[in-house]
Amino acid sequence: MYVVIMGGGRVGLNLASKLIDNGNDVTIIEKSEELCNNAATELDALVICGNGTNKKILEEANVGDADVFVAATGNDDANLLSSILVRDYNIEKIIARVSDISHEEAFQKVGINFVVSPELTAASYLEKVITRPNIADLIVLGKGNAEMINITVKNKKVIGKEIREVSPTDDYIIAAVHNNGNIIIPKENMVLSENNLISVLVKANAVKKVTQMFTT
């Protein structure tokens, strides 16, 4: 894919690095000369020093050829304006970063449906790591109303039971069992063993109850 990223700060730089590592072509637009120099030094990408809310700069980045445009600056106004401007180029996917979640509706009103808040996501993740120490790993899905969690089976009440005896319920479903680094999609008659690592898709409001069910 060809991806144009407006914003060469922490978020834009990390995103660009991951995309490049996966074989994608990336152009970064950044108005700060210092950040431009930093990006040019660290990344194998075209770096354009200029304002991404300027159509000439967007065209210099060949935004019309982009598969994805990401407005990743820390300025919601700039991200909104650039997202509106690039709509004229019929880009398949436009993604905008929003720092103030109350601005999300403004983005959606102009047709920008991919709106993300790295700050809120990071804060939510850290809160869960702190308050749910029995969870080995956690991914927040959708708008936070569902989570995929990895749990190590410790509770003797579920050890030795078949999957169908404990899953699915209205609150969760066991999606996978990990075995020596391999992921197994469990069949109904698969038996849970002590220290099995399982991936569970669970409603956010049931995480504590489900975690305790398998660990205590």
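The model shown is predicted, which means the values in this text are computed figures rather than measured ones.
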task: May I ask you to decide if Gln212's main-chain N or O and Thr216's side chain share a donor-acceptor pair within less than 3.5 Å?
output: yes
- prompt: Got a donor-acceptor contact below 3.5 angstrom from the Asn155 side chain to the Met213 backbone?
  reply: yes
task: Could you check if a side-chain atom of Lys209 sits within less than 4.5 angstrom of a side-chain atom of Asp171, using non-hydrogen atoms only?
output: yes
message: Same cluster or not: Leu46 versus Val70, using hydrophobic residues (I, L, V, M, F, W, Y) connected whenever any side-chain heavy atoms lie under 4.5 Å apart?
response: no
- line: Result for side chain to side chain contact (heavy atoms under 4.5 Å, CB included) between Ile5 and one of Leu19, Thr27, Ile29 points to Leu19
- prompt: When rounded to the nearest 0.5 angstrom, what distance separates CG in Leu197 from CG in Asn180?
  reply: 11.5 Å
- prompt: Is any side-chain N of the basic residue among Asp88 and Lys55 closer than 4.0 Å to the acidic one's carboxylate O?
  reply: yes
- request: In sequence, state the C-alpha distance, the side-chain angles, and the governing distance for Glu92 and Val68, and then conclude on side chain to side chain contact (heavy atoms under 4.5 Å, CB included).
  value: CA-CA 6 Å; Glu92 183 178 344; Val68 183; over 6 Å; no
query: Just how far is it from atom CG of Asn62 to atom CG of Asp25, taken to the nearest 0.5 Å?
result: 11.5 Å
- prompt: side chain to side chain contact (heavy atoms under 4.5 Å, CB included) between His103 and Leu80: does it pass, once the steps are laid out?
  reply: CA-CA 9 Å; His103 295 163; Leu80 179 60; over 6 Å; no
message: For a 4.5 angstrom cut-off between non-hydrogen side-chain atoms, does Phe214 reach Leu192?
response: yes
query: Any donor-acceptor pair under 3.5 Å linking the side chain of Asn196 with the backbone of Ser193?
result: yes
Close side-chain approach of Val26 and Leu43, heavy atoms under 4.5 Å: no
message: Between Phe69 and Leu15, is there shared hydrophobic-cluster membership here, with clusters defined by ILVMFWY side-chain heavy atoms closer than 4.5 Å?
response: no
- prompt: Quick one: CD1 on Ile149 to CG on Leu201, what's the gap to the nearest 0.5 Å?
  reply: 9.5 Å
Flag, side chain of Ser117 to backbone of Val98, donor-acceptor distance under 3.5 Å: yes
task: Check whether any side-chain N or O of Asp76 sits under 3.5 Å from a backbone N or O of Asp100 as a donor-acceptor pair, and report yes or no.
output: yes
field: Residue pair Asn79 / Thr73, side-chain donor-acceptor N/O under 3.5 Å
entry: yes
message: How about CG on Asp170, more than 12 heavy atoms from neighbouring residues, nucleotides or ligands closer than 6.0 Å, or not?
response: no
- request: Please check if the side chain of Asn24 supplies one atom and the backbone of Ile20 the other of a donor-acceptor pair under 3.5 Å.
  value: no
field: Exam field: side chain Arg87 to backbone Val110, donor-acceptor pair closer than 3.5 Å
entry: yes
task: Assess whether salt bridge (Lys or Arg N to Asp or Glu O under 4.0 Å) is satisfied between Lys56 and Glu60, documenting all intermediate values.
output: CA-CA 6 Å; Lys56 288 185 178 179; Glu60 187 178 339; over 6 Å; no
query: Do we see a donor-acceptor contact under 3.5 Å between the side chains of Asn150 and Ser199?
result: yes
- request: Please round to the nearest 0.5 Å and tell me the distance separating atom NZ of Lys161 and atom CD1 of Ile159.
  value: 11.5 Å
- prompt: Does some side-chain heavy atom of Val200 sit less than 4.5 Å from a side-chain heavy atom of Met148?
  reply: no
task: State whether the side chain of Asn54 and the backbone N or O of Gly50 hold a donor-acceptor pair below 3.5 Å, judged by distance alone.
output: no
- prompt: Any idea which heavy atoms bring Ser82 and Thr53 closest together, and the distance?
  reply: N-CG2, 4.3 Å
query: Quick check: does any side chain N or O of Glu162 sit under 3.5 Å from a backbone N or O of Arg164, one acting as donor and the other as acceptor?
result: no
Interatomic spacing from CG in Asn205 to CD in Glu147 - rounded to 0.5 Å: 9.5 Å
- prompt: Salt bridge check: are Lys93 and Asp67 linked by an N-O gap of less than 4.0 Å?
  reply: no
query: How long is the span from the OG1 atom in Thr211 to the OH atom in Tyr172, to the nearest 0.5 Å?
result: 11.0 Å
